[in-house]
Amino acid sequence: MTDFSNSFSKPVDLRSDTVTRPSPEMYEAMMSAPVGDDVLGDDPTVILLQDRIAELLGKEAALFMPSGTMANQIALKVHTRPGDAVICEEGCHILNYEGGAPAAISGVIPKTIAGTRGAFTAEQVEEKIAPDNSHFARTSLVEIENSHNRAGGSIFPQDEIIAISQLCNERGMLLHLDGARLWNVHVATGIPLGDLSRPADTVSVCLSKGLGCPAGSLLAGSRDHIAYAHRIRKYLGGGMRQSGILAAAGLYALDNNISRLEEDHKHARLLFEAFGGFDGAAPIEPDTNILIVEFDNSKYDPELVRQAMERRGVRFLTISKTRIRLVLHLDVTESEAEYAGEKIREVLAGMSGRAGRSMNGITPQSF
Ligand SMILES: Cc1ncc(COP(=O)(O)O)c(C=O)c1O
């Protein structure tokens with residue numbers, strides 16, 4: 001059990017937006033949902049959710065599944081043949097955090113682009129396309145992530161996505177959008193979800209992140225792509241039975257938890273400000289709900305900062321030797337975000353110039 005010393009009844013948990021618990025109202029919606037057997041195709045709540053998501057994203061069909069990883073990997077499998085190449089950004093989720101699945105499930109090779117905050121241009125894609133020649137892997141798919149997790153919830157410029165989509169059309173490639181947090185992009189930019197999705201052939205969206213559901217993702221696309229995705233979901237074991245219970249949480253979240261994402265974005269900016277003015281701490285201005293802070297290791301040790309904050313009842317992750325990540329979500333209130341900001345300033349000021357790094361193996365535990 002974490003020893004936390006804040007005055008709230010729980011730690012301020014900024015490790016991820018996946019840590020949220022269903023609200024009483026969401027539980028109520030789940031308990032009262034009519035259910036069937038979705039593998040047999042007759043769970044009315046799943047059907048309702050799939051239709052609603054297809055409509056929201058402007059696609060012909062959508063398929064409910066347990067996780068964002070499954071939705072992305074099924075998309076890769078639908079769009080590629082073993083031996084094909086997939087163009088994607090080097091920090092993307094599908095390559096870095098999905099257990100090697102592109103190789104294991106689809107047998108594809110990645111061609112990565114070093115992006116700018118997770119985004120890249122149509123010209124960069126063009127450079128990666130191999131000639132149509134049997135020496136080379138067939139480049140069949142481009143994958144983009146919007147918002148981009150590892151780059152700090154950053155937004156992929158929509159004009160560039162449209163240009164990449166046009167290039168894909170010209171060169172016979174397909175485009176998959178990992179939109180696990182597309183809701184955040186929609187709220188931050190005001191661009192309708194259908195417009196954000198239009199350039200992509202398939203789009204995955206997650207209910208279990210900013211929207212606060214316990215589980216569930218959907219893949220949306222053409223009727224043919226989704227029919228094939230249905231077969232793959234089956235053989236990967238992703239078919240669920242009375243999954244209307246989970247779909248009901250999703251329907252509740254679509255009605256109640258989208259526009260409030262603006263609060264998470266505001267809290268991310270509040271924490272961005274809190275990190276300001278400390279030599280050796282460089283917060284990256286957040287587009288949405290994820291804040292990344294880059295430390296100069298000669299001044300601060302991110303792991304020590306993390307430990308000091310944990311002792312004050314604020315949790316987050318170190319994501320590299322120089323970086324920490326703080327994720328805002330619906331279980332963090334304004335006063336909790338303010339508390340986290342105060343503690344950040346207290347810890348960084350206390351460590352400033354001396355105690356934020358371990359010296360000769362002696363770590364400054366008092367912070
Ligand atoms: C951008 C992105 N895509 C996909 C996923 C995978 O979602 P899941 O954890 O539901 O498999 C995540 C999870 O954090 C993510 O951040």
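Whatever order the structure lists them in is the order used to number ligands and atoms, beginning at 1. Quick caveat, the model's predicted, so the values are computed rather than measured.
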Original post:
Ring centres of Phe156 and Phe120 under 6.0 Å apart?
Top reply: yes

Subject >> Closest approach of Thr80 to Ser106 (non-hydrogen atoms, all atoms of both residues) >> reply: OG1-CB, 3.9 Å

Original post:
Take atom CZ in Arg223; do more than 12 heavy atoms of anything else shown fall under 6.0 Å from it?
Top reply: no

Original post:
What pairs with Glu28 under side-chain contact (heavy atoms from CB on, under 4.5 Å), at least two apart in sequence or on another chain?
Top reply: Met31, Ser32

Original post:
Among His230, His79, His176, which one satisfies side chain to side chain contact (heavy atoms under 4.5 Å, CB included) with His225?
Top reply: His79

Original post:
In Å and rounded to the nearest 0.5 Å, what is the CD to NE2 distance from Glu262 to His267?
Top reply: 10.0 Å

Return a table of N or O atom pairs, ligand 1 on one side and protein on the other, at distances under 3.5 Å, rounded to 0.1 Å.
unit_1   : atom_1 : unit_2 : atom_2 : d
ligand 1 : 3 (N)  : Asp178 : OD1    : 3.1
ligand 1 : 3 (N)  : Asp178 : OD2    : 2.7
ligand 1 : 7 (O)  : Lys209 : NZ     : 2.9
ligand 1 : 10 (O) : Gly68  : N      : 2.8
ligand 1 : 10 (O) : Lys209 : NZ     : 3.3
ligand 1 : 11 (O) : Gly68  : N      : 3.4
ligand 1 : 11 (O) : Thr69  : N      : 2.8
ligand 1 : 11 (O) : Thr69  : OG1    : 2.6
ligand 1 : 16 (O) : Asn149 : ND2    : 2.9
ligand 1 : 16 (O) : Arg181 : NH1    : 2.7

